[in-house]
Amino acid sequence: MNRSELIIQIIALATLIIACVLVWILTTEVFHVEGDILSVPMDLDSESDLIDRLYRMIPLLCVAMLLSIAFAFYIEEWLSETTWYYRIINQHISILANIPSLIYGILVVCIFLFQVGKFSNFTLVLAIVFLVVPVTIQTTQSAIRGVDLSVREAAYALGANRWQVITDHVFPRAFPKITGGVFTVISRVLAIAVLLIIVCELRTSIIQDVGSYEISSNVFVLISLALLSCVLSSFLQK
């Protein structure tokens, strides 16, 4: 590792640490709870409320994935790989994409369990965006890089401009792998949704002092969809 790469990694890590500290400060009340956890007021009265809130997150997820794909094309097709900001952006994306989804899941569970104040919704959206955006950008970048350079060179030789090369040649060839990355993201989101539903149901059963706990059918449906998304992602990326 040369000096410039080391400096870029240090800058990326420092930026992420500062961002984490700011998020922690904004949500300090969310994680500061006195007394019994089960007695903490919860913004969700039942599983149906949680399902309704998760459904309302779908448009946000779709917008986040579309913007991530567009941003990945901007990085790969318009930014030069030799610039320092290109390398810093890639370093941030790499770090965020490699964070286990369980970490984001724990953050979201804590927000749902201890939701107080106006910052909890902001942090919830932030956690979901961090779960979706880095992986989508990284897989889209990989798909774009997988397009043979000769395709671009031939298109430019025939007089096509950059926009025509991207829309007519690069995007169609990269589309299967991009779709595979989208299914990977969907499987991660569904896994977090399953975690939320199980925690919500378990908490409700404990509060109501129910002797037995039964997993709802929604959990099995979401798990099946997550596994199907993983299979489709593997198939498309190949």
Side-chain angles (χ1 to χ4, degrees), residues 16 19-20 22-24 26-31 40-72 92-93 95-140 178-204 215-233 236:
L16 290 176
C20 291
L22 290 176
V23 172
W24 178 264
L26 291 174
T27 58
T28 182
E29 295 182 359
V30 175
F31 299 97
V40 177
M42 190 174 178
D43 195 35
L44 303 173
D45 296 329
S46 64
E47 179 190 345
S48 61
D49 295 332
L50 175 58
I51 297 296
D52 180 64
R53 180 167 297 188
L54 292 175
Y55 275 125
R56 281 183 284 166
M57 295 295 293
I58 292 177
L60 173 64
L61 296 176
C62 294
V63 171
M65 286 189 286
L66 290 175
L67 291 178
S68 301
I69 293 172
F71 186 66
H92 280 85
I93 292 171
I95 294 173
L96 292 173
N98 289 323
I99 295 176
S101 57
L102 180 61
I103 302 298
Y104 296 116
I106 292 173
L107 176 62
V108 175
V109 167
C110 291
I111 293 167
F112 271 116
L113 285 178
F114 310 120
Q115 186 167 6
V116 290
K118 61 181 180 180
F119 295 117
S120 55
N121 287 326
F122 166 76
T123 313
L124 174 61
V125 172
L126 198 64
I128 296 298
V129 168
F130 279 159
L131 180 67
V132 170
V133 171
V135 178
T136 306
I137 293 177
Q138 194 174 60
T139 54
T140 303
I178 294 174
T179 308
V182 169
F183 278 113
T184 300
V185 171
I186 291 174
S187 67
R188 286 164 61 95
V189 173
L190 291 175
I192 299 304
V194 169
L195 178 63
L196 284 173
I197 292 174
I198 292 177
V199 171
C200 179
E201 290 180 343
L202 184 60
R203 183 180 187 275
T204 303
I215 299 177
S216 69
S217 59
N218 291 320
V219 171
F220 296 104
V221 172
L222 291 177
I223 290 176
S224 300
L225 291 175
L227 293 175
L228 179 61
S229 297
C230 290
V231 173
L232 290 174
S233 174
L236 288 170

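Side-chain atoms are counted along with the backbone in the values below, which use heavy atoms only and exclude waters and symmetry mates.
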Determine, stepwise, if the pair L232 / L228 fulfils side-chain contact (heavy atoms from CB on, under 4.5 Å). CA-CA 6 Å; L232 290 174; L228 179 61; 4.2 Å; yes

Where is the tightest heavy-atom contact between [X] and [Y], given as atom of each residue plus distance?
| X | Y | result |
| --- | --- | --- |
| I93 | P134 | CG2-O, 3.7 Å |
| V132 | A64 | CG1-CB, 4.3 Å |
| L131 | S101 | CD1-CB, 3.8 Å |
| A97 | R188 | O-NH1, 4.5 Å |

Give the C-alpha distance, both sets of side-chain angles, the deciding distance and a yes or no for side-chain contact (heavy atoms from CB on, under 4.5 Å) between T136 and V133. CA-CA 5 Å; T136 306; V133 171; 5.9 Å; no

When rounded to the nearest 0.5 angstrom, what distance separates [atom1] in [X] from [atom2] in [Y]?
| X | Y | atom1 | atom2 | value |
| --- | --- | --- | --- | --- |
| I178 | M65 | CD1 | CE | 13.0 Å |
| I197 | I223 | CD1 | CD1 | 9.5 Å |
| I192 | M57 | CD1 | CE | 12.0 Å |
| Q138 | N98 | CD | CG | 6.0 Å |
| L196 | L222 | CG | CG | 10.5 Å |

Before you tell me yes or no, could you show the steps for I69 and V182 under side-chain contact (heavy atoms from CB on, under 4.5 Å), namely the whole-Å CA-CA distance, both residues' side-chain angles and the distance that decides it to 0.1 Å? CA-CA 9 Å; I69 293 172; V182 169; 4.2 Å; yes

Contacts of type side chain to side chain donor-acceptor pair (under 3.5 Å), residue S229, not counting sequence neighbours: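 Applying side chain to side chain donor-acceptor pair (under 3.5 Å) to S229 gives none.
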
With a 4.5 Å limit on heavy-atom distance, are the side chains of L66 and V63 in contact?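 They are not in contact (no side-chain heavy atoms under 4.5 Å apart), so the answer is no.
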
